[in-house]
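Since the structure is predicted, the reported quantities are computational estimates derived from the model, not experimental observations. Keep in mind that the numbers below use all heavy atoms, side chains included, and drop hydrogens, waters and symmetry copies. Throughout, residue positions are numbered sequentially from 1 according to the sequence presented.
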Amino acid sequence: MVIDFNTLYNFPSRLDRVFEEILRSPMGDDRRLAYPPLNLSNDDENIYVRAEVPGVAIDDVELTLTDKTLVIKGERTAPEGKFYRQERPSGVFHRVINIGVPVDRDKVTASMKDGVLTVTLPKSSEVKPRTISIDVA
């Protein structure tokens, strides 16, 4: 007689996953589900938003800048046919990025290359670092 303990071996990890699902906050960690995925960075002069939107035509993307947010809207159309597996999302997407500093709205630029949308938001001169000279008395 052979007793197979393999089915019981994973029991603690399975139980842990069940409790994680139950105890997870209702808001959850939706960052991994947000689309398009993006990187937000800055330097002394600009804020950079780089969003991955492969397969989306530039005409299907709309950018809106308000006082405190940048909104990226768009649509990825799915190819026709039957799918055996579909992991790339399709349909309408909408992403709101909060911007914590004033930007020079007239100098904002956007470009797309190799499926990456790059929006450059120049910081307003009032928030840029300044060197202050010290007078000798």
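- From H94, atom NE2 reaches atom CD of E62 across 8.5 Å, with rounding to the nearest 0.5 Å.
- Under 3.5 Å, the side chains of R50 and S41 contain a donor-acceptor pair of N or O atoms.
- One finds the CE atom of M112 at 5.5 Å from the CG atom of L117 (value rounded to the nearest 0.5 Å).
- P36 has its side chain within reach of V53: a pair of non-hydrogen atoms, C-beta onward, lies under 4.5 Å apart.
- Clustering ILVMFWY residues whenever any of their side-chain heavy atoms sit less than 4.5 angstrom apart, transitively, puts V96 in a cluster other than the one holding V101.
- Among residues at least two apart or in separate chains, salt bridge (Lys or Arg N to Asp or Glu O under 4.0 Å) pairs with a member in residues 83-93 are R85-E87.
- Here the straight-line distance linking atom CD1 of I72 with atom CG of L38 works out to 6.0 Å at 0.5 Å rounding.
- Linking ILVMFWY side-chain heavy atoms closer than 4.5 Å, directly or via other members, places I58 and V49 in a single hydrophobic cluster.
- Residues L121 and V119 are in side-chain contact: their nearest non-hydrogen atoms beyond the backbone lie under 4.5 Å apart.
- Considering CG of L70 and CG of L40, their distance stands at 9.5 Å, rounded to 0.5 Å.
- S90 approaches T77 most closely through the heavy-atom pair CB-C, 4.4 Å.
- For K123 against N46, the heavy-atom pair with the smallest separation is CE-O, 3.9 Å.
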Q: Could you give me the CA-CA distance, side-chain angles and deciding distance for S111 and T118, then say whether side chain to side chain contact (heavy atoms under 4.5 Å, CB included) is met?
A: CA-CA 5 Å; S111 63; T118 302; 4.1 Å; yes

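- To the nearest 0.5 angstrom, L65 atom CG is 5.5 Å from I99 atom CD1.
- For P37 against Y35, the heavy-atom pair with the smallest separation is CD-CD1, 3.7 Å.
- Other residues sharing a hydrophobic cluster with Y48 under the 4.5 Å side-chain heavy-atom criterion for ILVMFWY residues do not exist; the residue is a singleton.
- The CD1 atom of I47 lies 11.0 Å from the CD1 atom of I97; values are rounded to the nearest 0.5 Å.
- Without hydrogens or angle criteria, R105 side chain to T66 main chain gives a donor-acceptor distance under 3.5 Å.
- The list of salt bridge (Lys or Arg N to Asp or Glu O under 4.0 Å) pairs with a residue in residues 107-122, not counting sequence neighbours, reads D104-K107.
- The closest donor-acceptor contact from the side chain of R95 to the backbone of A51 lies at 3.5 Å or more, if one exists at all.
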